[in-house]
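Bear in mind the structure is a predicted one, so any value in this text is a computation, not a measurement.
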Amino acid sequence: MTAPEPTATPAARRVEAQAAAGLRVLLVDDGAHRVGLIQAELARQGCEVVGVLDAATLVHDCVSRLKPDVVIVDSESPTRDTLEHLATLSARNPRPVVVFSEDAATDTMRAAIKAGVSAYVVAGLQAERLAPVLQVAIARYEQDAALRAQLDEAQSQLAHRKLIERAKGVLMETHGFDEDEAHRRLRRLAMDRGMKLHEAAERVIDAQSWLRPA
C-alpha cells in the first residue's frame, strides 16, 4: 500500500517518532543509494540499525541471524530479483517490509504487495514520513499475520474433522457400529490414551492401513 502524505502536527510527529524508538531495522540499498539518510534519521528517532545490505540477495539469511523488527528497502524501482527475495523472506521468516521507491507503476506496486511488502512508499524520502510509515507497515503486517493465523486454524480444524469422519467410517465398516457408537468409541480411545480426538482418529486410520492385506 502507498503511504499518504503526512498531515500530522509537529507534536503528533514527535509522538510517532517516540513510538518508533527502539525498533531494530535492517536496511537494504536496492540502487537508490539513500540508505545513509535513512540510517541517520532512524538513529535520530532512537531506532537501532542492525545491518545495511547492498542488495536483497542475503536478506533472508540476515533476517534469520539479526532478527530485525522491520526491513526497509530503498530502491529506484524494485527489480524482479529483489521482489523474489522478499517473497522468500515473507514465506520463510516474515517481517514488516517497507519499500521506498520512485516507481509509481501500478504493476510494480502490485508485485511488491504480492511479495509481502507491508508498505510501498512512492515519490520522495522525507524524514517526517519515516516514523508514521514504519507504524503503518507494522500495523498492516500484524493485521495480515492475524488473518493468516485464523486461516491456518480454520484449515487445521477442517483437516481434523475430516480425519475424525474417516476414522468413524473405519470403525463403522470394521465393527458394524452406527455413527454415534463409532464416535463414542473414538472419544473413549482418545481419553484412555490421553490424546486429542483427531490424534486418536489418526491411530485408527493407521491401524486399518497396517492390517490391510498388501
| task | Determine, step by step, whether Leu42 and Leu27 satisfy the side-chain contact (heavy atoms from CB on, under 4.5 Å) criterion, reporting the C-alpha distance in whole Å, the side-chain angles of both residues, the deciding distance to 0.1 Å, and the verdict. | result | CA-CA 10 Å; Leu42 288 170; Leu27 294 178; 3.9 Å; yes

| task | Evaluate whether atom CE of Met195 has more than 12 neighbouring non-hydrogen atoms of other residues, nucleotides or ligands under 6.0 angstrom away. | result | yes

Which donor-acceptor pairs under 3.5 Å do the side chains of residues 151-158 make with protein atoms, sequence neighbours left out?
{"residue": "Glu153", "atom": "OE2", "partner": "Gln157", "partner atom": "NE2", "Å": "2.9"}

| query | Do you know the tightest heavy-atom contact between Ala167 and Leu186? | reply | CB-CD2, 4.1 Å

| remark: CD of Glu48 to CG of Leu26, rounded to nearest 0.5 Å, is 11.5 Å

| said: Enumerate the ring-ring contact (aromatic ring centres under 6.0 Å, His included) contacts for residues 149-171, please, sequence neighbours excluded, ordered by first and then second residue. | reply: His160-His198

| task | Over all heavy atoms of both residues, which pair between Asp103 and Ser77 is shortest? Give the atoms and the distance, please. | result | OD2-OG, 2.6 Å

| Qualifying ring-ring contact (aromatic ring centres under 6.0 Å, His included) pairs, either residue in residues 44-97, two or more places apart | none

| request: Look at the side chain of Thr88 and the backbone N and O of Glu84, then say whether any donor-acceptor pair between them is shorter than 3.5 Å. | output: yes

| task | Compare all side-chain heavy atoms of His183 with those of Leu197 and state whether any distance is below 4.5 angstrom. | result | yes

| Nearest heavy atoms of Asp30 and Ser75, plus distance in Å | OD2-OG, 2.9 Å

| message | I'd like to check the side-chain hydrogen bond (donor to acceptor under 3.5 Å, both in side chains) partners of Asn93; sequence neighbours left out, ordered by chain and number. | response | Ser64, Arg95

| field | Expected output: side-chain Asp74 to main-chain Asp29 donor-acceptor under 3.5 Å | value | no

| field | Other ILVMFWY residues reachable from Leu163 by side-chain steps of under 4.5 Å | value | Ile205

| request: Please collect all side-chain hydrogen bond (donor to acceptor under 3.5 Å, both in side chains) contacts where either partner lies in residues 170-182, sequence neighbours excluded, each pair once. | output: Lys168-Glu179, Glu181-Arg184, Glu181-Arg185

| query | Would you call Lys162 and Glu165 a salt bridge, taking side-chain N to carboxylate O under 4.0 Å as the test? | reply | no

| note | Heavy-atom nearest pair, Pro78 first then Ser101, reads CD-OG, 3.6 Å

| Minimum heavy-atom separation for Val133 to Phe100, with atom names? | CG1-CZ, 4.3 Å

| N/O donor-acceptor pair under 3.5 Å between Tyr141 side chain and Val70 backbone | no

| field | Side-chain touch Ser90/Val97, heavy atoms, less than 4.5 angstrom | value | no

| request: Calculate, to the nearest 0.5 Å, the distance between atoms CD1 and CZ belonging to Ile72 and Arg34 respectively. | output: 11.5 Å

